[in-house]
Amino acid sequence: MAAARPRPRETVVPAPPPLSSHPPAPPLASGTSQQSAARPGSGTMSAPGAGAAGGGRSGTAADWGGFEDNMQGGGSAVIDMENMDDTSGSSFEDMGEMHQRMKEEEEEEAEGEAGAAEEEDGEFLGMKGLRGQLGRQVADQMWQVGKRQASRAFSLYANIDILRPYFDVEPVQVRARLLESMIPVKMINFPQKIAGELYGPLMLVFTLVAILLHGMKTSDTIIREGTLMGTAIGTCFGYWLGVSAFIYFLAYLCNAQITMVQMLSLLGYGLFGHCITLFVTYNIHFHSLFYIFWLVVGGLSTLRMVAVLVSRTVGHTQRLILCGTLAALHMLFLLYLHFAYHKVVEGILDTLEGPNMPPFQRVARDIPVVSNAVLNTTTKTVALTL
Amino acid sequence: FAGLADVSISEEIPVEGQITVPVGSHSPDEDGSTLDEPVRETIMRDLKAVGKKFVHVLYPRKSSTLLRDWDLWGPLVLCVSLALMLQGGSADSKDDGGPQFAEVFVIIWFGAVVITLNSKLLGGTISFFQSLCVLGYCVLPLTVGMLVCRLVLLAGSGTISFIIRLVVVLAMFAWSTLASTAFLADSQPPNRKALVVYPIFLFYFVISWMILTFTPQ
């Protein structure tokens, strides 16, 4: 290392005659010979040497430009974080590099000084040593304090910033994607682009929760808002996150090219059809209308998701597995939300209120026409047993 | 270190001035004096601040008092009173009161946190607690609506009372949403206001639904 770097002192020093005979990097062996030659010149060297060392130090101080700016710009001992945190830690890397370089230089100088200690005056060594030590200590302190503050700030704000790029949308984009989620794509030989955003899906899940709660209001029953709300939130979020994870796992098995965020986004936008269907059929209670909406609206959104997945999967068996599972889960979820969810809720209400009323009797509008006969017989048997 | 040595502070950069933070917080000696004042003065000062913010919510103008000096006393009082009034839904089962209070409480605060996170992620310039403060204070019209609903329900629970309650709750819901939009939408980039207003709309819709479907027994 000592041979690689020119010693700053000696590059800057105007060579007085006794010193010109010195080789630029005095090896240890010849150190003793240099000592005797240098000693008469050391007295004269101390004064220009101080300036030279200062000049030499200015060479290294130029590397410390950022450090200087911090000291000068702040004028205080407190670290000014706004100079340090916008460059994504690069100034810390600079400080780290400078720190490292300082360490290497001081090691190199330590070697050189150990080898040629008598070459310098004791006073000169003291001055340089003092400045070196002071600078190193200050640098060390600033580095430690800065690192501590940065890690604290980063751990505080990093959690939000991870999600920030997924929320970078405009309202027109959200509207366009909502409409697109109902239109199945035709081109399935080319991988379709999926926008990895989370704002739209999150808002759609919350809207679905609100619609489920809105559908809960019936005129005569006593409603426990809290329990219903917890169930609604749990159902919707559980479906979104759970089915996304499951399909992502299947996609991993079937070698489909889709990331988790894309899957969350795709399924979230697929809930738009569910929202429309439930919103309409909670207000207009015709079961045939619900079946039409289930097939048309639910089918369109399912077709879109299926087409996008097919375009990203290779192989017939894999496509069949993946898309069949997704289609089945999606359509069955809509059926569940319209029919069985009410029964779950009524089950909760019944367990809370006691067995004084037979089940499925209060909210007649939600019992499907198709299975009415089955339900009637079960109700009668249950009422008979009670 | 010639560069460092050149930083002769006394020559080039005069170090003078005050080491006080010019943000409007109290200077140290003022804090000392508030420690000695009677408790009633302290409480009255806080109550006056809360009351002033209530007035700002009821007549929403574009003032920044609500944002600048945020506090969470008002939201806490409103949330607790709303949760207390929403209790007593049914006298049948014995475990009715507890979970309901907790659910309302959790839903209000969880919803406010989600909306705040959403507005921050969309690039809002408002801080976390400022947003919580505004959302909590804008529950005031809905609390007033809940009070009116309870009074109406004391009179009877027929169709007419349902219509009255529906109208009142709808009006309060619109008022709450407009009030919070007036405060929060300014802190967003102008083309994204709709993205921030929609979750607020959903949040107050859920609270309004809870108020409207409340039937004491």
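Proteins come first, then strands; the chains are lettered A, B, ... in the order of their sequence lines, and each starts at number 1. None of these values were measured; they are calculated from a predicted model.
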Closest non-hydrogen atom pair between A:M203 and B:L202, with its separation: O-CD1, 4.2 Å
Greater than 12 external heavy atoms within 6.0 Å of B:F105's CZ: yes
Whether over 12 other heavy atoms sit under 6.0 Å from B:I160 CD1: no
Nearest non-hydrogen partners of A:D168 and B:R192, listed with the distance: OD1-NH2, 2.5 Å
Under 4.5 Å from any heavy atom of chain B - which part of A:Y199: side chain
Straight-line distance of B:F205 CZ to A:L213 CG, nearest 0.5 Å: 8.0 Å
Neighbour count above 12 (heavy atom, 6.0 Å) for B:F110 CZ: no
Part of B:V106 lying under 4.5 Å from any heavy atom of chain A: neither
Atom pair CG (B:L117) and CG (A:L163), whose distance is rounded to the nearest 0.5 Å: 8.5 Å
Over 12 non-hydrogen atoms of neighbours within 6.0 angstrom of CZ in A:F237: yes
Heavy atoms from other residues, nucleotides or ligands near CH2 of B:W109 exceed 12 (cutoff 6.0 Å): yes
Minimal non-hydrogen separation, B:N191 against A:E170, with atom names: ND2-OE1, 2.5 Å
Rounded distance (nearest 0.5 Å) linking atom CG of A:L202 with atom CG of B:N118: 7.0 Å
Contact origin within A:V172 toward chain B - heavy atom pairs under 4.5 Å: neither
Side chain, backbone, both or neither of B:L195 within contact of chain A (heavy atoms, under 4.5 Å): both
4.5 Å side-chain heavy-atom contact, A:F206 and B:V206: no
